[in-house]
There are 2 protein chains.
Amino acid sequence: MRMDPKQRCAVIETLKVFSAKWKPCILSYLFTESKRYGELQRLIPNISRKMLTQHLKELCADGLIERKPFPTIPPKVEYVISEKGKSLQPVFRVLNTWGVNNLDNVCSTEEMIAT
Amino acid sequence: MRMDPKQRCAVIETLKVFSAKWKPCILSYLFTESKRYGELQRLIPNISRKMLTQHLKELCADGLIERKPFPTIPPKVEYVISEKGKSLQPVFRVLNTWGVNNLDNVCSTEEMIAT
DNA sequence: CTGCATCCCACTAGATACTG
DNA sequence: CAGTATCTAGTGGGATGCAG
């Protein structure tokens, strides 16, 4: 079988799930520990709230992370990596290794991806 | 070190290199054998010449494939996977496996990626 | 056959202001 | 604090025509 664009190719669909502009960055932070909305905003200074909200929603919809709201005042929401999300760590590790071995002037993120 | 968007993160840079819209598809065909420009166009019916040309150029510039022009009449150009390009096969395999295990209604492309 | 140049549209994502 | 709504600029990518 070929990588027919009319079919839902596993490679391409996998890329769609986590390779949007800020998703690798968001996931990388959640790999190590849960974060609140505002924490992610501070950690990723260039992201707009709109994009942060949108990407978090999509990651939730795809089951890679979970949203944990606390009905306190002021409100508090934690985002947690799911088991399915954790299963992406080996994928990230492979991408990181390839980049380190084949690209110039890139920073390894191995420590970050390490469990 | 964190996946700082201001740095050239290995994971993100790696994704940039091969995850543009049609690049996985192009690479998948070249993994198995060299193809001519027109063959790729026929194999990927939905791609425009503009995008095919542009993606082939970028893949050349990144050293993933090589362009072999034959000064015949009419002209003939072959595109060949490079060693660096071949080194992406394990990456594709990991992405394929993750998709098959974690997504619904996706087609495995294992046979294609197989050497 | 293998491209390049141009025009154009749709969508992405940034900026800003507002809300429970 | 954690979002939502709206407007807009920039970009990706398709269609078409021309060229070596």
Side-chain angles (χ1 to χ4, degrees), chain A residues 3-6 9 12-13 15-27 29-30 33-62 64-81, chain B residues 3-6 9 12-13 15-27 29-30 33-62 64-81:
Chain A
M3 198 173 280
D4 186 342
K6 283 172 288 190
C9 159
I12 293 172
E13 297 301 318
L15 287 171
K16 280 191 199 166
V17 160
F18 78 90
S19 73
K21 185 164 185 184
W22 303 99
K23 285 183 186 176
C25 197
I26 294 172
L27 288 170
Y29 281 112
L30 298 186
E33 58 176 349
S34 313
K35 298 283 184 209
R36 299 177 57 179
Y37 184 92
E39 289 182 286
L40 288 169
Q41 208 183 328
R42 274 186 300 281
L43 290 165
I44 314 174
N46 292 323
I47 198 173
S48 64
R49 279 191 303 260
K50 177 185 171 186
M51 281 298 105
L52 181 55
T53 302
Q54 180 180 313
H55 284 167
L56 288 171
K57 266 190 182 171
E58 292 172 2
L59 291 169
C60 281
D62 288 326
L64 301 184
I65 66 175
E66 283 166 27
R67 184 176 185 273
K68 305 281 189 191
F70 297 85
T72 54
I73 300 205
K76 169 180 168 180
V77 179
E78 287 217 329
Y79 290 93
V80 190
I81 195 83
Chain B
M3 199 174 279
D4 187 340
K6 283 172 291 189
C9 159
I12 293 172
E13 297 301 317
L15 288 170
K16 282 190 197 166
V17 161
F18 78 90
S19 72
K21 184 166 184 184
W22 303 99
K23 285 183 186 176
C25 197
I26 294 172
L27 287 170
Y29 282 111
L30 298 186
E33 58 176 349
S34 313
K35 298 284 183 206
R36 299 178 56 180
Y37 184 91
E39 288 181 288
L40 288 169
Q41 209 183 329
R42 274 188 300 281
L43 289 165
I44 314 174
N46 293 322
I47 198 173
S48 64
R49 276 186 309 227
K50 176 185 170 185
M51 281 298 105
L52 181 54
T53 301
Q54 180 180 312
H55 284 167
L56 287 172
K57 263 191 181 172
E58 293 171 1
L59 291 170
C60 282
D62 287 326
L64 301 184
I65 66 175
E66 283 166 28
R67 185 175 186 274
K68 306 281 189 190
F70 297 85
T72 54
I73 299 202
K76 169 179 167 181
V77 179
E78 286 217 330
Y79 290 93
V80 191
I81 195 82

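Heavy atoms only: backbone and side chains are in, while hydrogens, waters and symmetry mates are out. In what follows, every chain begins at residue 1, and chains take the letters A, B, ... in the order their sequences are listed. Nothing here was measured: the structure is a model prediction, and the numbers come from that model.
Screening residues 33-46 of chain B for salt bridge (charged side-chain N to carboxylate O under 4.0 Å, His left out), with sequence neighbours left out, gives Glu33(B)-Lys35(B).
Between dG3(D) and Arg67(A), a contact under 4.0 Å exists linking OP1 or OP2 to a side-chain N or O.
Straight-line distance from the CZ atom of Phe70(A) to the C1' atom of dA2(D): 14 Å, rounded to whole Å. Atom CD in Gln54(A) sits about 12 Å away from atom C1' in dT4(D), given to the nearest Å. Separating the NZ atom of Lys16(B) from the P atom of dG12(D) is a distance of 11 Å, rounded to the nearest angstrom. Rounded to an integer number of Å, the gap from CG of Leu40(A) to P of dC1(D) is 14 Å.
Residues that satisfy the side chain to side chain contact (heavy atoms under 4.5 Å, CB included) test with Lys57(B), not counting sequence neighbours, are absent from this structure. In this view, Arg67(A) and Tyr79(A) satisfy the side chain to side chain donor-acceptor pair (under 3.5 Å) rule, not counting sequence neighbours. In this view, Phe18(A) and Phe92(A) satisfy the ring-ring contact (aromatic ring centres under 6.0 Å, His included) rule, not counting sequence neighbours. Residues passing the salt bridge (charged side-chain N to carboxylate O under 4.0 Å, His left out) test with Lys68(A), sequence neighbours excluded: Glu66(A). With sequence neighbours excluded, the residues that form a side chain to side chain contact (heavy atoms under 4.5 Å, CB included) with Gln54(B) are Lys50(B), Met51(B), Glu58(B). Applying the salt bridge (charged side-chain N to carboxylate O under 4.0 Å, His left out) rule to Glu13(A) yields the partners Arg8(A), Lys16(A); only residues at least two apart in sequence or on another chain are considered. By the side chain to side chain contact (heavy atoms under 4.5 Å, CB included) test, Thr53(B) is found to be paired with Tyr37(B), residues two or more places apart in sequence or in another chain being considered.
Atom CD1 of Ile47(A) is separated from atom SG of Cys25(A) by 7.5 Å, given to the nearest 0.5 angstrom. Rounding to the nearest 0.5 Å gives a distance of 8.0 Å between NZ of Lys21(B) and CG of Asn46(B).
For DNA chain C, the span of nucleotides reached by chain A at under 4.0 Å from its heavy atoms goes, 5' to 3', from dA13(C) to dG20(C).
Toward the 5' end of DNA chain C, the nearer of the two residues Arg42(B) and Lys57(B), judged by each one's closest nucleotide, is Arg42(B).
A 4.5 Å side-chain heavy-atom check between Leu56(A) and Leu40(A) finds at least one atom pair inside the cut-off.
Comparing atom distances between the Thr53(A) side chain and each of dG13(D), dT4(D), dC1(D) picks out dT4(D) as nearest.
One axis for each end of the helix from dC1(C)-dG20(D) to dG20(C)-dC1(D), each built from five base pairs, and the angle between them comes to 50° at 10° resolution.
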Using the 3.5 Å cut-off, write out each protein N or O paired with an N or O of nucleotides 15-20 of chain D and the distance between them.
unit_1	atom_1	unit_2	atom_2	d
dG17(D)	O6	Arg49(B)	NH2	3.0

